Amino acid sequence: MKSVGDIFIAEVIKRYDINRDNIRSMGGYESFVYEYHKNNAFFILKISHTIRRSINNIRGEIEFLNFLSKKGLAVSNAFPSTRGNMVEEIAAENGSFLAISYEMALGKEVSDEDWNESLYEKWGECYSGSFLYKVRVLLLF
């Protein structure tokens, strides 16, 4: 029996023109998260339900990422569907599923073995010194 996620992922695949052989589930907690490649590039596809997030919340997230990108910060930009939409809405019982695709950031998936003090220190160095400082400056001025 197909899950609700399986039924809606088929529609999302159509809307983003993704080859089913080029997509894999990455799991997720409150969202279905997938990795896919298309035209020699890699992307993340995230599908949430309006019970969890509103379409305006997601549009705000995209607007903020676009703002940071235009100011020169390295962020994963949203990628439009074949319809030109940054967020695809698919009606369902009790709300809608919302799909968004992002460019995949460089790096690798964090494995169970990677979770250690060294990883936390690297993240701290990356975010405390430069990235978050730049975000703060952009927001203040």
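As the structure is a computational prediction, the values presented were derived from the model and not from experiment. Values below: every heavy atom of this structure, side chains too, minus hydrogens, waters and symmetry copies.
- Sequence neighbours left out, not one pair with a member in residues 39-51 passes salt bridge (charged side-chain N to carboxylate O under 4.0 Å, His left out).
- Here the CD atom belonging to Glu103 is positioned 11.5 Å from the CD1 atom belonging to Ile44, to the nearest 0.5 angstrom.
- Residues satisfying the side chain to side chain contact (heavy atoms under 4.5 Å, CB included) criterion with Ser69, sequence neighbours excluded, are Val75, Asn77.
- Here OH of Tyr36 is found 7.0 Å from OH of Tyr16. Values are rounded to the nearest 0.5 Å.
- Take Asn57 and apply the side chain to side chain contact (heavy atoms under 4.5 Å, CB included) test, not counting sequence neighbours, and it matches Arg53, Ser54.
- Taking OG of Ser76 as the start and CG of Leu68 as the end, the distance is 11.5 Å to the nearest 0.5 Å.
- Note on residues 57-86: pairs passing ring-ring contact (aromatic ring centres under 6.0 Å, His included), not counting sequence neighbours, are Phe43-Phe79.
- Note that CE of Met86 and OG of Ser81 are 9.0 Å apart. Values are rounded to the nearest 0.5 Å.
- Taking each heavy atom of Ser25 and Tyr34 in turn, the nearest pair found is CA-CD2, 3.6 Å.
- Atoms CG and OG1, on Asp17 and Thr82 in that order, are 6.0 Å from each other to the nearest 0.5 Å.
- Scanning for side-chain hydrogen bond (donor to acceptor under 3.5 Å, both in side chains) contacts around Ser118 gives an empty result, with sequence neighbours left out.
- Transitive grouping of hydrophobic side chains (ILVMFWY, heavy atoms separated by less than 4.5 Å) keeps Ile51 and Ile47 in distinct clusters.
- One N or O on the side chain of Asn19 and one on the backbone of Asp21 form a donor-acceptor pair closer than 3.5 Å.
- Side-chain contact between Phe8 and Phe32: absent, with no pair of heavy atoms (C-beta onward) separated by less than 4.5 Å.
- Closest non-hydrogen pair, Ser96 versus Ala91, comes out as OG-CA, 3.9 Å.
- Minimum heavy-atom separation, Ile55 to Leu98: N-CD1, 3.6 Å.
- Of the candidates Val33, Ile9, Ile100, Ile9 is the only one forming a side-chain contact (heavy atoms from CB on, under 4.5 Å) with Leu45.
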message: Arg20 vs Ile13, test: side chain to side chain contact (heavy atoms under 4.5 Å, CB included). Steps then yes/no.
response: CA-CA 7 Å; Arg20 188 172 275 287; Ile13 284 172; 3.9 Å; yes
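- The distance from the CG atom of Leu73 to the CG atom of Leu65 is 10.5 Å, given to the nearest 0.5 Å.
- Sequence neighbours left out, the pairs with a member in residues 88-100 that pass salt bridge (charged side-chain N to carboxylate O under 4.0 Å, His left out) are Arg15-Glu88, Arg83-Glu88.
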